[in-house]
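Quick notes on the structure that follows.
Please read all numbers here as calculations on a predicted model, not as lab measurements. Numbering of ligands and ligand atoms starts at 1, following listing order.
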Amino acid sequence: MSTITPLTTLPAWAALTRHYEQINGTHLRDLFAEDPGRAERMVIEGAGLFLDYSKNRITDETVTLLVQLAEETGLRAQIEKMFNGDKINSTEERAVLHTALRAPEGASVLQDGENVVPAVHAVLARMAGFSERIRSGAWKGQSGLPIKSIVNIGIGGSDLGPVMAYEALKHYSDRSLSFRFVSNVDGTDFLEAVQGLDPAQTLFIVCSKTFDTLETITNAESARDWLLKAFGGDETAIAHHFVAVSTNKEKVGDFGIDVANMFEFWDWVGGRYSMDAAIGLSTMLAIGPERFGELLAGFHEMDVHFRETPFARNLPVLMGLLSVWYNNFFGMQSLAVLPYEQYLKRFPAYLQQLTMESNGKSITLDGERVDYQTGPIYWGEPGTNGQHSFYQLIHQGTRIIPCDFIAFVHPLTELGRHHDLLMANVFAQSEALAIGKTEDEVKKEGTKEKLVPHKVFEGNRPSNTILADRLTPKTLGRLVALYEHIVFTQGAIWGINPFDQWGVQLGKLLAQQIIPDLENPAEPTLRHNTSTNNLIRRYRRIKKGLS
Ligand code: F6P
């Protein structure tokens, strides 16, 4: 029996359904023309970010109704439960306390009655000490040489955050160190990552929350072999060239990494919410402990904003609600995140796990199947590259794709006119999407009759623009936390659990069953689906050189 009021029976849902009928036919061009104050009013400044949300298909009433929906679904109470360490990840019976990872020293966040903040800061201090030793050259490899190359081995949340943050903050990184990232079980990934590296000056960070992920353990074993080969099989080299980041001490020890070289985190940190835990060790090695502290401060600023700001002025709440508006009322299926900052080139990939592994769910917290859409598909690429690739579809395709444009007033690298050109493009794109170009306008340009329909831009395509000052560690922290809390807001509205990921299990299990079928020297008896059996037989046959 359901204990939660079904979403679609809430008064705000019904009101939004009626409101959608009224607003659906209204063009953004008219919304701007009829309301001269719109652009000034529909902005929020919070936690160091500026959001212009005026180019959305909304009126003030829409915001009021969406906020009412958030209130009726209990978002406020949910936020407090998360910050207070309640076990809101109910299917795994875990608290969700990534916000404690960036709580300032001296703060108190209770988990099962215990303040977790001192443990968080103790690990940060160990990470800082280790980072200083690597960065200063005090940490020596097996043959007495300093470390020059760092290879992060991990996948999913143990990879995407570290890669994204390394790329995003490369400007601030120690360029005398090189960083590489290995995630895929495809051997090419490992071999390319260690290409040209000197084992005597290489450090591997094995990142795995569980320390039993097939890809990571396989890559870590190959790394161990690669290292030991260089040191004639001398296992004492491992302590100088391997550290681990995990919640699982026992498995780290079993693998052969000294637990003294392990940086801990906790089961109340989800993998995709862990880039600010010890999983961020590579980030700290790259930018140094002080700047890592600034990154955490940025996260914390957004946490405070999310927890304390009224919903209508709350960046993550409002952006989360707008995504619900498009997803559930307009039936828009995807959302593009388009950073106009080359250093953020991996940000959309990072967001894909954060958003889709979190809210790609179809069962509510009380076990019922949802009768509405949940997580939209997130995707994107940095501008302006995307403009010359898929923007055609965003401008004139049959599907409407709400866009989040992210841009910065100051570039990190000055080069002639480049930054003004970049910014002109981001401002132009959101205007073209919203306002479009009418048939009359196209005709007035003297366009040939038969080309007119091809050159019309319908417009009325929604977007948000986030304009920040400059991409600093702090700003990156704010941005990541913004999307973490957008995801939280969406999950709370849809009544689902954004913190488990049961959907990845079945494929993992089947792969484990198929491995022996591929490696068995004798012809195995196959018990899979007939298509799978055929594929396995064909693979085995061709691999053996039989046609
Ligand atoms: O397969 C999905 C997943 O469990 C992610 O949620 C996680 O980030 C990733 O695998 C890696 O897990 P681990 O850090 O335990 O190796």
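For atom 5 (C) of ligand 1, the nearest non-hydrogen atom of the protein is Glu357 OE1, 3.4 Å. Looking at atom 11 (C) of ligand 1, its nearest protein heavy atom turns out to be Ile155 O, 3.2 Å. For atom 15 (O) of ligand 1, the nearest non-hydrogen atom of the protein is Thr210 OG1, 2.6 Å. For atom 12 (O) of ligand 1, the closest non-hydrogen atom of the protein is Thr213 OG1, 3.5 Å.
We find that Glu264 and Lys249 are not joined by a salt bridge, their nearest charged nitrogen and carboxylate oxygen being 4.0 Å or further apart.
Side-chain N/O atoms of Ser323 and Gln490 include a donor and acceptor closer than 3.5 Å.
Using a distance-only test at 3.5 Å, with no hydrogens or angles considered, a donor-acceptor pair links the side chain of Arg224 to the main chain of Phe255.
In terms of polar-atom proximity, defined here as any N/O pair under 3.5 Å, Lys508 does make such a contact with ligand 1. Among the atoms of Gly157, some N or O lies under 3.5 angstrom from an N or O of ligand 1.
Using a 4.0 Å heavy-atom cutoff, Gln353 is listed among the residues neighbouring ligand 1.
A cation-pi contact links Arg76 to Phe311, judged by a cut-off of 6.0 Å to the six-membered ring centre and 45° from its axis. A cation-pi arrangement is absent between Arg478 and Phe299, since the terminal nitrogen or guanidinium carbon is not both under 6.0 Å from the aromatic centre and inside a 45° cone about the axis.
Between Tyr378 and Tyr483, the two ring planes are perpendicular [angle over 60°; tilted spans 30° to 60°]. Note: Trp226 and Phe204 have perpendicular aromatic rings, judged against thresholds of 30 and 60 degrees for the angle between ring planes.
Both the backbone and the side chain of Lys209 come within 4.0 Å of ligand 1, judged by heavy-atom distances.
Every atom of ligand 1 is numbered from 1 in the order shown, and the set under 4.0 Å from a heavy atom of Val504 is 1 (O), 2 (C).
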